[in-house]
Structures are given as structure tokens and as C-alpha cells.
Amino acid sequence: MNELCDLKVHINGHHTLHLHQSVMCAFSGRLRTMVKLEKKKASRKEALSIKLADFPGGAEGFELVARFCYNNGRILLCPSNLPLLHCAAAFLEMTEEVCACNLLGQAEAFVNGLYYWTWADVLTAVKSCEPFAAAADASGLLERLISALFSKITASPETPTAIAAVGTPNRSSSSCSSSPDTVGFGRSSSTKTPESMRPCVGREWWFDDMTSLSPQTIEKVMRVLGCYGIENKNLILTRFLLHYLLAATRRPAMALCKEGTLAGLADTAVHGVALVGGTAFSCRGLFWVLRIVSAVGLSKECRHKLERLMGLMLDQATLDDLLVSGDDGGVYDVNLVMRLVRVFVGSEEEADAPSQRMRKVGRLIDKYLGEISPDHSLKVSKFLAVAESLPDSARDCYDGVYRALDIYLESHPALSLEERTALCRCLNYEKLTLEACKDLAKNRRIPPGVAVQALASQQCKLQISKPAAAAAAKDGRADPSRTPRRVARAGTRTRSASVDLDGGSDEKELLRLNLQRMQSRVVELERACKEMKGQMSKMAKGKSSLGAASCHQTGGRGLPRLC
């Protein structure tokens, strides 16, 4: 059979087909022109050879065209092969001017009835365009298929049965009279309709079907709908993009697209989220969005926009929300939390007094500190930055900060005295409870000087509170901060105030004794250190019998314990 073939066609540099000039040139205007040019160059005995580069569908597509030509212009068209035949016919110029009832004319006639196709047929056709998306886009076929796809959605926004039934044409969708704006797919339609204000966790019936399309096709879909990038003002499409990105991150095949197309889709989704803000997304929903878009890449501008929205709603966050995995070697992304706190504090700076929202965030950050403290990669500077990110007025009590500090010191035993002292600067000793202050004084991991300062602060606080309590007793009124319950009669109120004063005096005396005991132990420790330095200098000079002399000088006692 090869001897009878007088035409060699090289497809995209990979495949060669042996064909007959008369058969192929009868339907293809482009092949007819190329053959005429080649005949002028080659001898009559040699078979003509032509090369086709960037042919849609490669050898498979050209083989389908050859079958059409050898079958006298007849081929079975279906949604799966229509895009390939349409693009190949346009490439080879198989028009009506070359031959009546040519391939391009038949493909166009088939496309004109695509509004009678089922949802599955249109989706199959769109997916079939992906291997040669550039050619399908240039011919306008891809845009027509996308428009038909969303016409199916707008025709039946609630249930897919009418448009997904195989073999049952949906004639109601053949007309373009139904406006996409009615369900929120218009180019300028946004969140003004109640339909588009549904919670972000819901999904439409077509979400899962559309996840089978490539990122390039989804980008084309968004561009056709006029909702790509900053133009995205549609909540339904925003929810779909988040659903698509979540599915894409679970497929290893999408790894090559993360730095390109998926990043553009992530930016588009964030623009849509920022438009509706807290009206459609809760604080937890925003953290969910951040986790999705961060996995595929996000521009700095969009990240800043999303984090600002999250920071303004930080008082609604929970501890689980803040525990975002770190990407800089740490267990958690501490820098993210610091940026969110900075945004929140900036929004609350104009308030004259600390609000309940600020105090709520203060309690949340204390819990967060306790959670990240065991992380061995957490630096001292980072711990201090988180602890000091809130103003002092955000906390009525510093017990939570102290507990987190104690966990951090326990998890980092190699810290120097200077580092442990620097860590304690995040504490406000006056806002520590008496129990926490007692524990701090006994804590071996706390530097002695810090313990003395804490006890001194407690003593000053009691001295300040004593005149107020005495004045209340003089007036016959009980101090409400120390009275466990209200009493009706005046005599009972006076007696209660006297008991409270006695209790306050006992606490003051206990703190005073503890403070004196701590100061004496510090002095004793300094004296012992001086003696050890003298002994070490003597050892350096080579004197003997230092061990016995040392025991005699120190009275046989070891270093005193601080608690």
C-alpha cells in the first residue's frame, strides 16, 4: 500500500503518515497549497513530503481527519471528538470553498446545537479542549462551550437532574434569554442578591464536576465570566474557586501548576473574599481560606488584604484557629499571629479605655503563648514579641503569661541568666495574683532578682490597698473586692470589714517575711560566690590543700537554696 501513497505528512515532528494527494487535497485547502509548492521543488519520481507543526491533537487528530477524507466526507461527530475535529478542520482550511459539506461546516452545525446537549456532554467537550487549548481558544470554540456550560447552571441552579440526564436534551436551555445575572454569574453581579449570600461552607451541585478541569481552563472560565483577578465580585464563583483549590492541593499532579495558574486563581478567590468580608465569612472561615490559598501560593498584596480582614475579627478567633503550621522551621506560624495582633491593636488604638474585645484577645494570646512555649525552635525574641504585642491594658491578670513563661523556661533549660531575666520583662508583677507570685518566688528557673521584684510589687500593692480598706471600715462599708457576699445590716458590714482588714494584715506580714528571707538568701549567695572566686584564684596559683580549707571557710555548708 505504501507504494501507492504519494504524500508523506510529518505531524509535529514525531509521527509520519503516508497518504494520497488526491484524497487529502480534495478536502483541505492548506494541504492543496503546500503540495503545489512542494511539487515545484521536488522531482516527479519522489513522493512529496510536507511538515505540519503545532497541529491540534497531533497524530491522533490528523488520523481522524484522514478517516473523514477517505470516507468521502463522512464521520460520526460526538461531544468528545468535536473539539479536536473542529480545530483540525480550521487548521487545514477544510471549508465550504474547498469542498461542499466539508468537515468545518459539519462541525459548526454540530456546535450550533450544543444548547441541546446534556451537562455531561458539554463538560466532556470542554475537557477535550485542554490538550490543544490555544487552538480551541483561538477559534472561539472554547468560549462558546464555557458559555453553554454556565447556561446549564443558570437553567437549573438547584438540581442537576434536568441537565445531567443522559440522552435527554434540555430544550429549555437552548435559548439564551435566561440572564446569568439571575443567579449571580453576570460580569458585574455581586453579592447583592440573597442567593449569593449563603454561607461559604456550602457547595453547589456543579462544584465537584468542575474540579476535573485543568487550572488553565478554570482561568479561562473566570475570564469569560469577567470575574478574574480584582474583577471578581461574585460570591458563588469565589466559593467555587476555594473548593477547586482545596481539591487541587490534594492531587500531586497539580504540583507543577502551583507557582503559576493556581496562584492566579488564589488571588482571584481572595479578592472575592475581601469584597464580602465578614458578611459571608466567619473568622474561622477566613483562617480556612488562608490555609487553602497559602498552599498554592499567594501574592503579597492579596495576603495583606486577607490578613487585615482576619486581624479586624481576631476577637472572634479560637486557639485552634491560630495554630497555623509554620513554614520557617517552627512548629507554628508565629509571625502570622503577630501580624494579626498588630492589625487588631491598630484598630483599637482610638478607644479611650480597653474594650471587652481587647481583653478577649489578651486571653486568647495568653493561651497561644502556652501552646507555643514547648517549641524548642522558638527563640527568646519571638516569645517576647508575642507576649508584648498587646498593650498592658489588654490584660487584667498576668497569670497566663507567667504560666507560659514557666513552660518556656522548662522546655529551654540551656538559657543563660541574662536570657531568663530578659524573658521576665514581659510580666507585670503588680497584676500577678498572690498565688502566682508565691509560685514565682519558689521557682528555681526564675532569677532571684526577678523574684525579689515580684514580692516587692505585691507588698507595694498591699500598702496601697490598706488606706482604701481602712477608709471603707471607718465609714462602716465593706470593701466589695474582698467581701464574699452582701449583708443587709450595718453591724454585720462593719464586722465583715474588720475581718477583711485582719486578713489583709496577715497577707502583708507573710509577704514581708518572705521578702526579708529572700533578701537574706541573696546576700548569702553573693557571699558564697565571693568565697568561691577566692578559692579558684588560689587554685590557679598552685596552692595545695584547698579542699580542706574550703570546707573550713564555708563551715561545711553547700550553696544556699533560694527556696
Side-chain angles (χ1 to χ4, degrees), residues 11-12 14-15 17 27-28 52 54-92 94 101-153 155-156 160-171 173-174 205-221 224 244 247 251 253-254:
I11 309 297
N12 298 340
H14 298 292
H15 300 86
L17 297 179
F27 294 93
S28 173
L52 297 177
D54 300 325
F55 186 81
E60 180 184 357
F62 196 87
E63 184 179 352
L64 284 177
V65 172
R67 289 181 181 180
F68 172 82
C69 297
Y70 277 89
N71 200 26
N72 198 20
R74 293 189 300 271
I75 194 171
L76 180 62
L77 292 172
C78 61
S80 59
N81 66 12
L82 171 70
L84 180 57
L85 289 172
H86 186 280
C87 293
F91 184 91
L92 294 175
M94 303 177 70
C101 197
N102 212 340
L103 180 58
L104 186 58
Q106 294 185 36
E108 282 288 347
F110 197 81
V111 171
N112 290 336
L114 62 86
Y115 289 102
Y116 295 102
W117 297 3
T118 64
W119 162 263
D121 290 341
V122 181
L123 189 65
T124 299
V126 173
K127 191 170 180 61
S128 299
C129 293
E130 293 178 352
F132 43 91
D137 191 16
S139 65
L141 176 63
L142 182 57
E143 183 171 346
R144 294 167 67 182
L145 290 173
I146 291 173
S147 299
L149 197 67
F150 279 88
S151 294
K152 300 296 180 185
I153 296 175
S156 184
T161 53
I163 55 179
V166 179
T168 305
N170 185 9
R171 298 188 179 275
S173 63
S174 62
W205 59 265
W206 47 274
F207 279 12
D208 289 333
D209 292 339
M210 293 281 285
T211 55
S212 63
L213 300 177
S214 68
Q216 292 79 9
T217 302
I218 298 300
E219 179 181 340
K220 179 63 178 177
V221 167
V224 169
Y244 181 85
R251 291 198 293 266
M254 292 296 178

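Note: hydrogens, waters and symmetry copies are ignored here, and every other heavy atom, side chains too, is used. Just so it is clear, the structure is predicted and the values come from calculations on it, not from any experiment.
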So SG of Cys87 and CG of Leu82: to nearest 0.5 Å the spacing works out to 8.5 Å
Minimum heavy-atom separation for Leu114 and Val122, please, with both atom names. O-CG2, 4.2 Å
In terms of heavy-atom contacts, Gly57 and Leu84 come closest through CA-CD1, 3.5 Å
Please find the pair of heavy atoms, one from Phe55 and one from Ala88, that lie closest to each other, and give the distance. CZ-CB, 3.7 Å
Kindly indicate whether the side chain of Val65, heavy atoms from C-beta on, has any atom under 4.5 Å from the side chain of Phe91. no
In this structure, are over 12 heavy atoms from other groups packed under 6.0 Å from Asp54 atom CG? no
Side chains of Glu63 and Arg67: does their closest heavy-atom pair fall under 4.5 Å? yes
Separation between CG of Leu142 and OG of Ser147, rounded to the nearest 0.5 Å: 9.5 Å
Does the side chain of Leu92 come within less than 4.5 Å of Phe62's, by heavy atoms? yes
Side-chain touch Leu64/Phe68, heavy atoms, less than 4.5 angstrom: no
Shortest non-hydrogen contact from Met210 to Leu149? SD-CD2, 3.5 Å
Distance-only donor-acceptor pairs under 3.5 Å for side chains of residues 102-110, two or more places apart:
{"unit_1": "Asn102", "atom_1": "ND2", "unit_2": "Phe27", "atom_2": "O", "d": "2.9"}
{"unit_1": "Asn102", "atom_1": "ND2", "unit_2": "Met94", "atom_2": "O", "d": "3.4"}
{"unit_1": "Asn102", "atom_1": "ND2", "unit_2": "Thr95", "atom_2": "O", "d": "2.9"}
{"unit_1": "Gln106", "atom_1": "NE2", "unit_2": "Gly73", "atom_2": "O", "d": "3.1"}
{"unit_1": "Gln106", "atom_1": "NE2", "unit_2": "Cys101", "atom_2": "O", "d": "3.0"}
{"unit_1": "Glu108", "atom_1": "OE1", "unit_2": "Arg144", "atom_2": "NH1", "d": "3.2"}
{"unit_1": "Glu108", "atom_1": "OE2", "unit_2": "His86", "atom_2": "NE2", "d": "2.9"}

Non-hydrogen side-chain atoms of Leu123 and Trp206 separated by less than 4.5 Å: no
Are any side-chain N or O atoms of Lys152 and backbone N or O atoms of Tyr115, one a donor and one an acceptor, separated by less than 3.5 Å? yes
Tell me the closest heavy-atom pair linking Trp119 and Ile153, and the distance in Å. CZ3-CG1, 3.6 Å
Please name the pair of heavy atoms, one in Ile11 and one in Gly58, separated by the smallest distance, quoted to 0.1 Å. CG2-C, 3.5 Å
For a quick test of your reading: what N or O donor-acceptor pairs under 3.5 Å do the side chains of residues 124-136 make, sequence neighbours left out?
{"unit_1": "Thr124", "atom_1": "OG1", "unit_2": "Ala120", "atom_2": "O", "d": "2.8"}
{"unit_1": "Lys127", "atom_1": "NZ", "unit_2": "Ser212", "atom_2": "O", "d": "2.6"}
{"unit_1": "Ser128", "atom_1": "OG", "unit_2": "Ser80", "atom_2": "O", "d": "3.3"}
{"unit_1": "Ser128", "atom_1": "OG", "unit_2": "Thr124", "atom_2": "O", "d": "2.8"}
{"unit_1": "Glu130", "atom_1": "OE2", "unit_2": "Ser214", "atom_2": "N", "d": "2.8"}
{"unit_1": "Glu130", "atom_1": "OE2", "unit_2": "Ser214", "atom_2": "OG", "d": "3.4"}
{"unit_1": "Glu130", "atom_1": "OE2", "unit_2": "Thr217", "atom_2": "OG1", "d": "3.2"}

